[in-house]
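Everything numeric here is computed off the predicted structure, so don't read it as measured data. In what follows, every heavy atom counts, from backbone to side chain, and hydrogens, waters and symmetry copies are set aside.
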Amino acid sequence: MAGKSSTPSRKSSAPLAQEAASDGNWQAARPRTLVDHAVDAILSAASRGLILPGDRIAEPDLVAKLGMSRVPIREALRILESQGIVTSEPYKGIRLMEISHQRLEQIIDVRIPLETLACRRAIEAGRNGAEQLNQLYQGVAQMQTMMQNDDVYGFASADTDFHRTLCSFAHNPVLSNLWESIARQLTVIFGLSTMGKSMSDIIEEHQRLINVFAEGDIAQMTDEIENHIRIQALDVDYETLITQRRQQRSAVG
């Protein structure tokens, strides 16, 4: 009598895959590519005023400065164009986005409702406790480190990360995706803002925002978000600063 074949039963998925799916500490590694480096280099130059709003960005110049072929640079510019950092027009080429009073108002009109809603939902759900505050304090600490290093791009990126973290407390991926659509534009604006305002003042504004968030008063938080965003955007005369920087560059060059 033939014996039953003993075939091991297959599990629906590998144990490591199951563990990875349930463990929030697991994150897929994402290697840095030349395109990533090119994006960062362009954003860094823009946030530090090396490339000014309205400046033409030529691929051959980037090839020479970054030591890359045109392929990753072209892809980086395509990504940045999709995010509003650069514009491309026939006969005008690729240029860094303009930062005018009108453009700032447009960004404010989008940013205030998103960040206000994020804070409202977080407070309503009780996600303004020690865990969340610690994440925000870490963000401010990163800004302080970048200030000490006199790293404008690092400071602007830390500022962007602070607000990204704040929005994440809403646990609303649609909101976060909408906010991400302007995130890199904000990084450039945050960097240029340091030309007209001290980093220590900007850090103080963020510490005040944390204090109000911790209090959990939605009406007060709504007012603080409005003030924080408007002050940071409109307390600096970007158009004058950009004109002055362009004049200084022309005098040197």
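No donor-acceptor pair closer than 3.5 Å links the side chain of Arg95 to the backbone N or O of Asp55. In terms of modelled atom types and a separation under 3.5 Å, the side chain of Asn128 and the main chain of Phe213 share a donor-acceptor contact. In terms of modelled atom types and a separation under 3.5 Å, the side chain of Ser44 and the main chain of Ala41 share no donor-acceptor contact. Of the possible donor and acceptor atoms, one in the side chain of Asp217 sits under 3.5 Å from a partner among the backbone N and O of Ala219. Checked by atom type and distance alone, the side chain of Asn227 pairs as donor or acceptor with a backbone atom of Asp223 at under 3.5 Å. Remark: the backbone N or O of Glu131 is not paired with any side-chain donor or acceptor of Asn134 at under 3.5 angstrom. Checking side-chain atoms of Thr145 against main-chain N and O of Ala141 turns up a donor-acceptor pair under 3.5 Å.
The one candidate from Thr116, Ile112, Ile107, Leu234 that meets the side chain to side chain contact (heavy atoms under 4.5 Å, CB included) condition with Ile229 is Ile112. Each of Thr87, Ile85, Ile57 was evaluated against Leu80; a single residue qualifies, Ile85, per the side chain to side chain contact (heavy atoms under 4.5 Å, CB included) test.
Classified by interplanar angle (parallel below 30°, tilted 30° to 60°, perpendicular above 60°), the ring pair His163/Phe190 is tilted.
Separation of atoms CG (Leu104) and CD (Glu239) is listed at 8.0 Å; rounding is to 0.5 Å. Between atom CZ of residue Phe162 and atom CG of residue Leu209 there is a gap of 5.0 Å, rounded to the nearest 0.5 Å. Taken to the nearest 0.5 Å, the CG atom of Leu136 stands 11.5 Å off from the CG atom of Asp161. With rounding to the nearest 0.5 Å, the separation of CE in Met195 from CG in Asp237 is 10.5 Å. For the atom pair CG of Leu114 and OG of Ser181, the computed distance is 7.5 Å after rounding to the nearest 0.5 Å. Taking CG from Asn211 and CE from Met221, the interatomic distance works out to 10.0 Å, rounded to the nearest 0.5 Å.
Looking only at atom types and distance, the side chain of Ser157 has no donor-acceptor partner in the side chain of Thr187 under 3.5 Å away. Judged by distance alone, the side chains of Arg184 and Gln83 do bring a donor and an acceptor atom under 3.5 Å apart.
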(Q) Under the criterion side-chain contact (heavy atoms from CB on, under 4.5 Å), I'd like the reasoning laid out for His206 against Ile210: C-alpha separation, chi angles, the key distance, then a yes or no. (A) CA-CA 6 Å; His206 286 75; Ile210 294 175; 5.6 Å; no
(Q) Using side-chain contact (heavy atoms from CB on, under 4.5 Å), reason through Ile203 and Val140 one step at a time and then give a plain yes or no. (A) CA-CA 7 Å; Ile203 288 173; Val140 168; 3.8 Å; yes
Q. For Leu52 and Arg249, what are the C-alpha separation, side-chain angles and deciding distance, and is it a side-chain contact (heavy atoms from CB on, under 4.5 Å)?
A. CA-CA 10 Å; Leu52 291 171; Arg249 190 176 61 184; 3.9 Å; yes
Q | Stepwise side-chain contact (heavy atoms from CB on, under 4.5 Å) test for His37 and Met68 | A | CA-CA 10 Å; His37 287 295; Met68 297 180 187; 3.8 Å; yes
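Using a 4.5 Å cut-off on side-chain heavy atoms (C-beta onward), Asp40 and Arg32 make contact. Taking 4.5 Å as the limit, some side-chain heavy atom of Trp179 sits within range of a side-chain heavy atom of Leu186. Counting only heavy atoms from C-beta outward, the side chains of Gln135 and Phe169 approach each other to under 4.5 Å. Looking at heavy atoms from C-beta onward, Ser47 lies out of side-chain contact with Leu192 at the 4.5 angstrom threshold. With a 4.5 Å cut-off on side-chain heavy atoms, Ile202 and Ser193 count as touching. Counting only heavy atoms from C-beta outward, the side chains of Thr222 and Glu226 never approach each other to under 4.5 Å. Using a 4.5 Å heavy-atom threshold, the side chains of Glu180 and Arg164 count as touching. Two residues are said to be in side-chain contact when any heavy atoms from C-beta on lie closer than 4.5 Å; Thr194 and Asp150 fail this criterion.
A salt bridge links Lys197 with Glu205: the closest approach of a Lys/Arg side-chain nitrogen to an acidic carboxylate oxygen falls below 4.0 angstrom. For Arg78 and Glu81, the salt-bridge test fails: no basic side-chain N is under 4.0 Å from an acidic carboxylate O. Taking 4.0 Å as the cut-off between side-chain N and carboxylate O, Arg70 and Glu59 count as a salt-bridged pair. The pair Asp235-Arg230 does not count as a salt bridge, with every side-chain nitrogen at least 4.0 angstrom from each carboxylate oxygen.
Considering all non-hydrogen atoms of both residues, Gln142 and Ala158 come closest at CG-CB, 3.7 Å. Closest non-hydrogen pair, His228 versus Arg111, comes out as CD2-NH2, 4.5 Å. The two residues Met143 and Phe155 have their closest heavy-atom pair at O-CD1, 3.3 Å. Summarising the geometry of Pro72 relative to Leu34, their closest heavy-atom pair is CB-CB, 3.8 Å, with the distance given to 0.1 Å. Of all heavy-atom pairs between Ala76 and Val39, the closest is CB-CG2, 3.6 Å. When all heavy atoms of Pro53 and Arg246 are compared, the pair lying nearest together is O-NH2, 2.9 Å.
With hydrophobic clusters built from ILVMFWY side chains whose heavy atoms lie under 4.5 angstrom apart, Val71 does not share a cluster with Val63. At a threshold of 4.5 Å between side-chain heavy atoms, the hydrophobic network of Ile, Leu, Val, Met, Phe, Trp and Tyr places Ile42 and Leu50 in two separate groups. Tracing side-chain contacts under 4.5 Å through hydrophobic residues (I, L, V, M, F, W, Y), one reaches Met97 starting from Val110; they form part of the same cluster.
Gln106 CD: more than 12 foreign heavy atoms inside a 6.0 Å radius.
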